[in-house]
Amino acid sequence: MPVQNKDIAEIFSRIADLLDIKNENPFRIRAYRQAAQMISGLSRNVRDMVDEGKDLSSLSGIGKDLAGKIETIVRSGNLPQLKKLEKEVPGELIDLMQLPEMGPKRVKKLYHELGIDSLGALKKAALNHKIRELEGFGEKTEDKIVQSVERWQSAGGEKRFLLIEAEQVVEPLIKMLREIEGVREVEVAGSYRRRKETVGDLDILVTRRKGTPVMERFAEYEDVKEVVAKGEAKTSVRLRSGFQVDLRVFEKSSYGAAMVYFTGSKDHNVSLRKMAKKENLKINEYGVFRGDKSMAGETEASVYEILGLQWIPPELRENRGEIEATQKGELPELITLEDMQGDLQCHSKASDGKDTIEDMAKAAKEKGYNYLAITDHSKRVSVANGLDADRLRRHMEDIDQVNEQLGGIHVLKGVEVDILKNGKLDLPDDVLEKLDVVVASTHYYRDLPRKEQTERIIRALDNPHVHILAHPFGRIINKRDPIDMDFEKILEAVKERNCFIEINAQPDRLDLSDVHAKMAGEMGIKLTISTDAHSMNGLNHMKWGVAQARRAWLTAEDVLNTRSWRNVKKLLKRD
DNA sequence: GCCGTTTTCGGCCCGACTGTTTTCAGTCG
């Protein structure tokens with residue numbers, strides 16, 4: 001199987017962990033970690049760069065040595081160095097490092113002194129009170145280890161929550177905090193603010209009048225299951241839902257610096273601090289300092305400004321070139337929810353939706369949309385009561401009727417046609433050609449070999465009636481892996497055929513991912529952002545899709561349905 | 001292992017909290 005960026009990143013990341021346990025030079029370890037991070041965020045395929053003979057050391061954080069290792073991985077699929085390391089240090093120890101409280105030092109000590117090389121062995125040793133006897137460990141650490149192993153095992157690994165789940169938890173919490181007398185600013189920072197598709201834990205920043213009991217009220221919040229840590233500057237709690245939430249209190253003069261610091265990403269911050277250091281400045285969460293003198297920090301903009309940068313939207317702060325882009329004045333003007341003029345995929349009662357065409361159209365009209373495409377399933381998706389050609393024809397008449405009755409919005413005749421195993425479509429051409437919008441997607445045969453899967457999808461795009469390739473990877477976050485396909489070939493096919501590719505805004509799909517959507521944008525392909533709503537309420541998911549598009553550096557220009565139906569109609573013509 | 005307007009060596013981002021310690025190491029973000 002051709003080597004993907006994530007395969008290279010994973011090898012480097014494993015090497016970093018193993019070197020960490022071996023207590024190697026921390027800067028060497030960091031180099032591997034940064035390389036892994038950089039590669040996983042790259043929108044270009046490194047394999048292609050190797051094939052084209054590009055100089056990999058032009059990538060930031062990649063020097064001669066790592067460039068050579070990448071080539072080895074691309075050509076052979078693995079790296080002898082990793083194999084060798086895994087002979088010296090059991091690979092299972094990496095699993096232990098995933099536990100909170102467990103870093104390389106403790107893992108190493110437990111392995112050497114007690115032979116612990118698995119979660120099971122760790123738990124057993126802790127329950128038998130073997131761990132507290134070791135130097136540097138104690139009773140409390142031992143208890144915590146038991147707890148985290150149990151939590152880990154019951155959650156099935158490190159749990160990351162969907163952004164929408166995080167919103168449901170954090171909104172009532174910040175409302176409570178804002179209502180406390182004396183509290184001023186309350187904002188959520190971290191990956192939540194960067195709108196990452198999943199969130200590990202939540203960071204809330206607060207300013208308040210001196211003496212306001214905000215830490216106390218936070219620790220007593222009704223949803224708190226356990227107070228993990230409580231200090232003057234920071235309190236950490238675990239909520240019943242499993243979220244860990246950190247609350248940090250800052251002075252007004254530090255608030256902007258704290259927002260930058262805790263919004264991250266970590267890699268973005270490291271880049272900022274490196275820049276600062278060159279100017280003899282120091283950045284921390286309290287401000288920007290020259291010696292002891294505070295130079296900036298009250299607002300985020302002031303922190304960026306003193307480094308000669310424009311304020312950077314949180315969604316871009318991943319150290320994927322945003323700092324360089326700002327320096328060149330090439331930061332994109334990111335798409336906003338207000339730019340959206342219509343929705344190009346949703347379902348009605350005709351297939352598996354909950355609401356009628358009319359209700360869906362009214363809801364879209366209320367959102368101020370210019371158009372809404374009704375794209376019910378085709379017959380192959382029988383669990384969803386998909387439409388055959390006859391039902392679809394009658395369905396189209398129903399849509400015509402709604403259009404006659406309801407003014408002020410164009411209800412588009414569409415379908416989400418299933419791509420069959422052989423790449424043919426689930427409906428005949430003579431009905432597809434009558435539709436305003438044809439959205440094609442796969443639902444079955446998700447485990448075809450890569451080549452076959454790629455060809456299948458391209459064959460579907462060959463049908464001249466297809467406009468949009470929807471939820472291209474078919475993943476469900478935390479539940480269903482993406483299908484295996486050659487995405488760059490797919491993108492080329494989309495481009496050649498004047499088609500479009502979707503960012504599905506369902507909060508558990510968000511398919512395309514940020515990196516893939518960025519790749520499409522860079523190739524000059526236009527995308528659609530569609531809710532795939534199955535009810536009126538589902539139309540509200542647009543904001544998640546827009547957030548994903550922002551993380552992909554997309555502008556309103558890059559997205560088809562920021563245009564009026566008049567203009568969309570012209571662009572949907574394939575030739 | 002990377003990097004360079006202090007350049008080919010000697011740096012490499014910064015602080016809070018905890019637990020186990022009597023001044024700090026480990027971990028985390």
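Throughout, protein chains are lettered first and strands after them, A, B, ... in sequence-line order, and every chain is numbered starting at 1.
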**Q** So, OP1 or OP2 of B:dG15: does either fall under 4.0 Å of a side-chain N or O from A:Lys282?
**A**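 It does, given that an N or O in the side chain of A:Lys282 lies less than 4.0 Å from OP1 or OP2 of B:dG15.
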**Q** Are A:Lys144 and B:dG19 close enough that a side-chain N or O sits under 4.0 Å from OP1 or OP2?
**A**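 Checking B:dG19 against A:Lys144, a side-chain N or O does come within under 4.0 Å of OP1 or OP2.
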**Q** Please tell me if A:Thr141 has a side-chain N or O lying less than 4.0 Å from either OP1 or OP2 of B:dT20.
**A**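 So the side chain of A:Thr141 is within the cut-off, an N or O lying under 4.0 Å from OP1 or OP2 of B:dT20.
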**Q** Grab the CD1-P distance between A:Ile131 and B:dT20 for me, whole Å please.
**A**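 A:Ile131 atom CD1 is separated from B:dT20 atom P by 12 Å.
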**Q** Select one nucleotide: of B:dG1, B:dC12, B:dG15, the one nearest the side-chain heavy atoms of A:Arg28.
**A** B:dG1
**Q** I'd like to know if A:Tyr261 reaches the base of B:dG29 with its side chain, counting only an N/O donor and acceptor under 3.5 Å.
**A** yes
**Q** Output the rounded distance in Å from CD1 (A:Ile145) to P (B:dT18).
**A**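 So the two atoms are 17 Å apart, to the nearest Å.
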**Q** Can a donor-acceptor pair be found between the side chains of A:Arg193 and A:Thr263 at a distance below 3.5 Å?
**A**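 Result is yes, a qualifying pair exists.
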**Q** So, A:Tyr32 versus A:Lys69: side-chain donor-acceptor pair below 3.5 Å or not?
**A**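 Result is yes, a qualifying pair exists.
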**Q** Looking only at atom P, what distance separates B:dC28 and B:dT23, rounded to whole Å?
**A** 25 Å
**Q** Any strand counts, and the cut-off is 3.5 Å on both contacts for Watson-Crick or G-U wobble. Which nucleotide pairs with B:dT8?
**A**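 Base-paired to nothing in any strand shown.
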**Q** Distance check needed: B:dT6 C1' versus A:Lys274 NZ, whole Å only.
**A**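 Computing the A:Lys274:NZ to B:dT6:C1' distance gives 17 Å.
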**Q** Which nucleotide in the list B:dT27, B:dG1, B:dC12 gets nearest to the side chain of A:Arg30?
**A**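 For A:Arg30, the side-chain atoms sit closest to B:dC12.
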**Q** Evaluate the ring planes of A:Phe473 and A:His516, with Trp represented by its six-membered ring, and classify them as parallel (under 30°), tilted (30 to 60°) or perpendicular (over 60°).
**A**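 Judged by the thresholds at 30° and 60°, the geometry between A:Phe473 and A:His516 is parallel.
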**Q** Taking syn as a glycosidic torsion within 90° of 0 and anything else as anti, which one is B:dT5?
**A** anti
**Q** Using a distance-only test with no angle check, is there a side-chain donor-acceptor pair under 3.5 angstrom linking A:Gln548 and A:Asp514?
**A** no
**Q** With no hydrogens and no angle check, do the side chains of A:Glu318 and A:His268 hold a donor and an acceptor under 3.5 Å apart?
**A**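 No pair is found: no donor N or O on one side chain lies under 3.5 Å from an acceptor on the other.
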**Q** With rounding to whole Å, what would you report as the distance between B:dG1 and B:dT8 at their C1' atoms?
**A**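 That atom pair is separated by 15 Å.
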**Q** Output the rounded distance in Å from CD1 (A:Ile204) to P (B:dG29).
**A**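 Answer to the nearest Å: 16 Å.
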**Q** Just checking A:Glu232: base, sugar-phosphate only, or nothing, at a heavy-atom cut-off of under 4.0 Å?
**A** sugar-phosphate
**Q** Choosing from B:dT27, B:dG19, B:dA16, which nucleotide comes nearest the side chain of A:Lys140?
**A** B:dG19
**Q** What's A:Arg248 touching, base or sugar-phosphate or nothing? Going by heavy atoms closer than 4.0 Å.
**A**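 Nothing: the residue A:Arg248, judged by heavy atoms under 4.0 Å, touches no strand.
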**Q** Rounding to an integer number of angstrom, what distance separates B:dT27 and B:dT20 when you compare their P atoms?
**A**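 These two P atoms come out 13 Å apart once rounded.
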**Q** In whole Å, I'd like the distance from the CG atom of A:Asp203 to the C1' atom of B:dG29.
**A**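 So the CG-C1' distance, A:Asp203 to B:dG29, works out to 8 Å.
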**Q** Which part of the nucleic acid, if any, lies within contact of A:Ile62, taking any heavy atom under 4.0 Å across all strands shown: a base, the sugar-phosphate backbone alone, or nothing?
**A** sugar-phosphate
**Q** When we call it a touch if two heavy atoms are under 4.0 Å apart, what does A:Lys278 touch: a base, just sugar-phosphate, or nothing?
**A**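 Contact class for A:Lys278: none.
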**Q** Is it the case that the side chains of A:Asp55 and A:Ser58 hold a donor-acceptor pair, with the cut-off being a distance below 3.5 Å and no angle test?
**A** no
**Q** Under 4.0 Å, counting only non-hydrogen atoms across every strand here, what does A:Lys69 touch: a base, just sugar-phosphate, or nothing?
**A** sugar-phosphate
**Q** Just call it for A:Pro26: base, sugar-phosphate, or nothing, with non-hydrogen atoms closer than 4.0 Å on any strand.
**A**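 The answer is nothing, as A:Pro26 stays clear of every strand by at least 4.0 Å.
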**Q** Taking atom C1' of B:dA16 as reference, at what distance in whole Å does atom CG of A:Asp201 sit?
**A**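 Rounded to whole Å, this separation is 15 Å.
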**Q** For a 4.5 angstrom cut-off between non-hydrogen side-chain atoms, does A:Val270 reach A:Asn319?
**A** no
**Q** Looking at side-chain heavy atoms only, is the closest gap between A:Asp7 and A:Ile73 below 4.5 Å?
**A**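 The answer is no, as the side chains (C-beta and beyond) never meet within the 4.5 Å cut-off.
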**Q** In whole angstrom, give the distance that lies between atom CZ of A:Phe262 and atom P of B:dC28.
**A**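 To the nearest whole Å, that distance equals 16 Å.
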**Q** Would you say A:Lys277 reaches B:dC12's phosphate, i.e. side-chain N/O to OP1/OP2 under 4.0 Å?
**A**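 Indeed, a polar side-chain atom of A:Lys277 lies that close.
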**Q** Please classify the nucleic acid contact of A:Lys266 as base, sugar-phosphate, or nothing, using heavy-atom distances under 4.0 Å.
**A**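 Base contact.
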**Q** If we take the C1' atom in both B:dT21 and B:dG26, what is their distance in whole Å?
**A** 12 Å
**Q** Rounded to whole angstroms, how far apart are CZ on A:Arg238 and C1' on B:dC28?
**A** 13 Å
**Q** Base, sugar-phosphate, or nothing for A:Ile29, non-hydrogen atoms under 4.0 angstrom?
**A** nothing
**Q** Using a heavy-atom cut-off of under 4.0 Å over every strand shown, decide if A:Leu99 touches base, sugar-phosphate, or nothing.
**A** sugar-phosphate
**Q** Using the P atom as the reference point in each nucleotide, state the distance between B:dC12 and B:dT7 in Å, no decimals.
**A** 15 Å
**Q** Mark yes or no for a side-chain to base donor-acceptor pair under 3.5 Å between A:Asn25 and B:dG1, with no hydrogen or angle criteria applied.
**A**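 Per atom types, the contact qualifies.
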**Q** Between A:Asp65 and A:Arg106, name the one whose nearest nucleotide on DNA chain B is closer to the 5' end.
**A**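 Nearest nucleotide further toward 5': that of A:Asp65.
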